[in-house]
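The structure under discussion appears below in the form of structure tokens.
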Amino acid sequence: MKYWLLKSEPSSFSFDDLRNSENAQTCWDGVRNYQARNFMRDEMKKGDLAFFYHSSCVEPGIVGIVRVVSKAYPDDTAFDPSDKHYDAASTPDDPRWHMVDVRMERALETPITLSKLKQYKDSELKELALLRRGNRLSVMPIDPSHWKFILKLERAANS
DNA sequence: GCCAACGTTGGC
DNA sequence: GCCAACGTTGGC
């Protein structure tokens, strides 16, 4: 099983939006970056876990955990000319973009803010992709050791 | 709003 | 294949 981090701007789709979705589940559509797509399409497996990260907001950080509940399948928002993420180059016969379904696992008891994560950028979280300079990927893998460490931060913040 | 860091596009 | 122009991301 693999671990991931999924970014979303809360003004567009927040963790609470996920919580309020039917079955606390949603399709992770709109990804239009090849590297992020490849992670979803080629490496994500049903049953994987992912951190839900809020970006471009007052307090960027990890706010919850979701489970991947489907393998990747064509992102049909790319086929809809009225959709914000429409891409004429993607067709049902030859889909360019893919998405997975995710379901809320749980909210973090205490969100782990970006600034908190940065405290460990030269030690425990040195290799964390999120903290790498200039990283803008919206879907990225998380090393199991980093996953565990971040959960430890959550427990520490809550004790 | 600013700006660094990318990724993409398209002319050549 | 090169690279300038442009668009996007996302922290601050």
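Quick note on labels: first sequence line is chain A, next is B, and so on, each numbered from 1. Side-chain atoms are counted along with the backbone in the values below, which use heavy atoms only and exclude waters and symmetry mates.
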Q) Between C:dT8 atom P and A:Leu137 atom CG, what is the distance in whole Å? A) 17 Å
Q. Using 4.0 Å as the upper bound for N to carboxylate O, is an ion pair formed by A:Lys45 and A:Asp48?
A. no
Q. How close or far is atom P of C:dG11 from atom CZ of A:Arg132, stated in whole angstroms?
A. 15 Å
(Q) So, OP1 or OP2 of C:dT9: does either fall under 4.0 Å of a side-chain N or O from A:Lys7? (A) no
**Q.** Distance in angstrom units between A:Arg32 CZ and B:dC6 P, rounded
**A.** 23 Å
Q: Please state whether the phosphate of C:dG11, meaning OP1 or OP2, lies under 4.0 angstrom from any side-chain nitrogen or oxygen of A:Tyr53.
A: yes
Q: Compare the minimum distances between each of C:dG10, C:dG11, B:dG7 and the side chain of A:Gln35, then state the nucleotide with the smallest one.
A: B:dG7
Q: Measure from the ring center of A:Phe39 to the ring center of A:Trp4 and say whether it is less than 6.0 Å.
A: yes
Q: Grab the CZ-P distance between A:Arg133 and C:dC12 for me, whole Å please.
A: 14 Å
Q. Rounded to the nearest Å, what distance is computed from the OH atom of residue A:Tyr34 to the C1' atom of nucleotide C:dG7?
A. 15 Å
Q. Tell me: CG of A:Asn33 to P of C:dT8, nearest whole Å?
A. 14 Å
**Q.** Separation of B:dT8 P from A:Arg96 CZ (nearest whole Å)
**A.** 10 Å
**Q.** N-O pairing of A:Lys118 and A:Glu124 below 4.0 Å
**A.** no
Q) Centres of the A:Trp97 and A:Tyr73 rings: under 6.0 Å? A) no
